Amino acid sequence: MATIDNTRDRHLGEVVADVKHSRRVLEDSRRERLALEAQLRSSGSALRQSSRRRGRLFGLLRIAR
Amino acid sequence: MSEAPAGVAIQGEESRDGIGTTLVGVIALIALGYGFYRLIRAVDPGHLEARADHGVLELIVDDRTTLTLIRLGVIAFVAYLGWSVFMLVRDGRPVTSVAGVGVAEAARVAQHAGEAAVDQVRRLEDELAEANQNVEFLLQYVQDLQEGATSGDDAADQPGNTP
């Protein structure tokens with residue numbers, strides 16, 4: 001009976017450790033994702049602004065034509 | 001996945017845009033070249049013994065050396081314009097690399113790919129959080145079972161109680 005209890009406790013301890021590790025990985029992933037999203041927002045804004053300027057430039061070229 | 005066709009659509013759109021830009025650039029170049037040609041002809045003193053034009057510019061451009069330099073400058077400028085339009089069509093970026101004007105297609109595709117990757121990471125995080133929560137519920141359930149078994153054993157150990 002004691003052997004069964006020890007095995008059960010060991011497995012439960014491993015599961016708890018896995019969950020803790022999973023939580024840490026999740027937090028790291030969220031932190032990196034938030035940083036990436038901030039960079040993507042910045043680059044997306046610059047890209048849209050650049051696209052608008054390019055559209056205006058092409059509009060001027062069409063008007064010139 | 002749905003992100004790949006989006007990139008293809010962007011490339012097709014850029015290609016159509018490039019054809020229009022090429023036509024506009026060629027027409028603009030022809031117009032510019034003709035305009036400069038007329039300008040140079042207007043100030044061309046012609047043969048020294050038969051000057052016909054008496055424009056204002058002729059007072060400045062009064063010899064052929066200066067006129068030749070102006071012609072060379074105009075030719076270089078027109079060539080530069082042509083090269084710039086060609087680079088704008090090919091790379092989405094003019095030679096002058098004006099900040100914010102040129103948009104490379106690669107940057108747009110990379111932006112879409114990055115957003116798709118971040119969305120996928122977000123979905124994976126949600127699934128992982130849900131899995132963690134399920135495991136925690138199971139652990140709590142096991143702990144409750146253990147406590148119930150322990151309290152049952154303690155109750156059974158009390159005198160007068162039957163297991």
Side-chain angles (χ1 to χ4, degrees), chain A, chain B residues 10 14 17-18 20-32 85 88-89 92-94 98-105 107-139 142-143 145-146 149-150:
Chain A
M1 190 64 183
T3 305
I4 295 175
D5 289 343
N6 288 337
T7 305
R8 183 195 59 202
D9 291 342
R10 193 175 67 248
H11 285 321
L12 285 176
E14 288 175 356
V15 171
V16 170
D18 286 343
V19 170
K20 286 180 180 175
H21 176 69
S22 179
R23 279 182 187 167
R24 282 197 298 272
V25 170
L26 188 59
E27 288 303 317
D28 292 343
S29 175
R30 277 179 177 158
R31 203 176 302 116
E32 292 177 4
R33 177 175 59 83
L34 288 176
L36 274 176
E37 281 181 344
Q39 288 180 354
L40 277 174
R41 276 196 297 273
S42 174
S43 62
S45 173
L47 198 59
R48 281 191 294 274
Q49 187 178 7
S50 180
S51 182
R52 279 198 299 271
R53 288 178 180 170
R54 190 178 179 222
R56 283 202 291 269
L57 180 65
F58 288 161
L60 287 176
L61 285 175
R62 290 190 185 95
I63 290 172
R65 180 178 65 173
Chain B
I10 289 170
E14 287 294 315
D17 199 9
T21 308
T22 307
L23 289 176
V24 171
V26 167
I27 292 172
L29 277 179
I30 291 173
L32 274 175
V85 171
L88 179 65
V89 172
R93 180 181 292 274
V98 177
V101 171
V103 179
E105 182 185 340
R108 197 171 297 184
V109 174
Q111 177 77 19
H112 282 278
E115 290 173 355
V118 167
D119 286 340
Q120 193 171 5
V121 168
R122 190 185 298 113
R123 285 195 297 272
L124 287 174
E125 285 176 357
D126 292 340
E127 292 179 3
L128 184 57
E130 189 178 354
N132 283 340
Q133 201 172 7
N134 291 336
V135 173
E136 288 171 2
F137 285 152
L138 284 175
L139 285 173
V142 170
Q143 189 176 358
L145 283 179
Q146 281 181 324
T150 305

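Note that this is a predicted model, so its numbers are computed, not measured. Throughout, protein chains are lettered first and strands after them, A, B, ... in sequence-line order, and every chain is numbered starting at 1.
- Sorted by first and then second residue, the pairs that involve residues 14-25 of chain A and meet salt bridge (Lys or Arg N to Asp or Glu O under 4.0 Å), not counting sequence neighbours, are A:Arg23-B:Glu136.
- Contact of B:Val118 with chain A is made through backbone and side chain together, with heavy-atom distances under 4.5 Å.
- Rounding to the nearest 0.5 Å gives a distance of 9.5 Å between OG of A:Ser45 and CD of B:Gln111.
- When heavy atoms are compared at a cutoff of 4.5 Å, B:Gln146 approaches chain A solely by way of its side chain, counted from C-beta outward.
- We find the CD-CD distance between B:Glu125 and A:Glu32 to be 9.5 Å, quoted to the nearest 0.5 Å.
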Return a table of donor-acceptor pairs under 3.5 angstrom between the side chains of residues 34-41 of chain A and protein atoms on other chains or two or more places apart.
from, atom 1, to, atom 2, distance (Å)
A:Glu37, OE2, A:Arg33, NH1, 3.2
A:Glu37, OE2, B:Arg122, NE, 3.4
A:Glu37, OE2, B:Arg122, NH2, 2.2

